[in-house]
Each structure stands twice: as structure tokens, then as C-alpha cells.
Student: 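Below is the structure I would like to discuss, written out as C-alpha cells.
The residues of the chain are indexed from 1 along the displayed sequence.
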Amino acid sequence: MENIGQFLPMILIFVVAYFFMIRPQMKRQKDEKKFGEELSKGDKVVTRSGMYGKVVELNDKDNSCVLETMAGKIKFDRSAISLEMSKKLAKPSAIEKK
């Protein structure tokens with residue numbers, strides 16, 4: 001019994017680390033993968049580097065997409081598209097509602 005009491009703080013640290021660090025990261029990765037698979041032509045997206053564009057073409061062979069931007073058409077890997085920024089872009093802002 002005394003040996004379990006010595007390891008209890010370490011066990012609690014691992015449990016807390018799992019629920020506050022590991023589990024949310026796994027959920028975020030799952031959401032990003034689902035977002036990449038659900039991309040479709042015409043979606044307005046933002047890349048992780050900050051480039052805005054509209055999806056013109058999707059290629060499942062090499063997991064890429066072509067975005068139409070103000071500078072022309074550019075090919076990106078689907079993993080380069082930001083889930084959070086694209087969701088913000090899709091939401092109508094308070095200014096547009098007026």
C-alpha cells in the first residue's frame with residue numbers, strides 16, 4: 001500500500017497531462033483531417049501562411065488542391081490549409097450584417 005502512495009502523484013500528473021495536452025491535440029488532428037477530406041470546389045480558404053483563395057481543383061492522388069488567388073492559380077498540399085482561419089473566413093462578420 002505504501003508503494004502505491006508513492007506513485008500516486010506521478011499517476012495524477014500523467015492523467016492530467018493526457019486530458020489537458022494529449023487528448024485535445026488528438027481531437028484537433030482528427031478535425032483537421034476531416035476538414036481536408038471535406039474540401040470541395042468553390043470553398044474559400046486560408047492557408048497556414050496567410051494566403052486567401054478559392055478552391056478550384058482537388059487532386060486525391062497527391063492530396064493537393066489548386067487555389068485561385070489574386071496572383072493566379074497556385075497548387076498547395078491540403079495540409080497547408082488552416083482549419084481555424086478558414087472557419088473564421090466562412091462566418092459572416094458583424095460589419096457584413098449591417
Student: Could you work out, with salt bridge (Lys or Arg N to Asp or Glu O under 4.0 Å) as the rule, every residue matching Glu32, not counting sequence neighbours?
Tutor: Arg48

Student: With rounding to the nearest 0.5 angstrom, report the OG to NZ distance, Ser86 to Lys44.
Tutor: 12.0 Å

Student: Of all residues at least two apart in sequence or in a different chain, which pass the side-chain hydrogen bond (donor to acceptor under 3.5 Å, both in side chains) check with Thr47?
Tutor: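 In terms of side-chain hydrogen bond (donor to acceptor under 3.5 Å, both in side chains), with neighbours along the sequence ignored, Thr47 is linked to Ser49.
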
Student: In the hydrophobic clustering that connects Ile, Leu, Val, Met, Phe, Trp and Tyr at side-chain heavy-atom distances below 4.5 Å, which members other than Leu83 occupy its cluster, ordered by chain and number?
Tutor: Phe35, Leu39, Val45, Met51, Val55, Leu58, Leu67, Ile74, Phe76, Ile81

Student: Could you note down all residue pairs passing salt bridge (Lys or Arg N to Asp or Glu O under 4.0 Å) where residues 7-17 supplies at least one of them, sequence neighbours left out?
Tutor: none

Student: Below 3.5 Å, can you tabulate the donor-acceptor pairs from side chains in residues 9-30 to any protein atom, sequence neighbours excluded?
Tutor:
from: Gln25; atom 1: OE1; to: Arg28; atom 2: NH2; distance (Å): 2.9
from: Lys27; atom 1: NZ; to: Asp31; atom 2: OD2; distance (Å): 3.3

Student: Any pair with a residue in residues 70-80 that passes side chain to side chain donor-acceptor pair (under 3.5 Å), sequence neighbours left out, goes on the list, sorted by first then second residue, please.
Tutor: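 Residue pairs with at least one partner in residues 70-80: Asp60-Arg78, Asp62-Lys75, Asp77-Ser79.
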
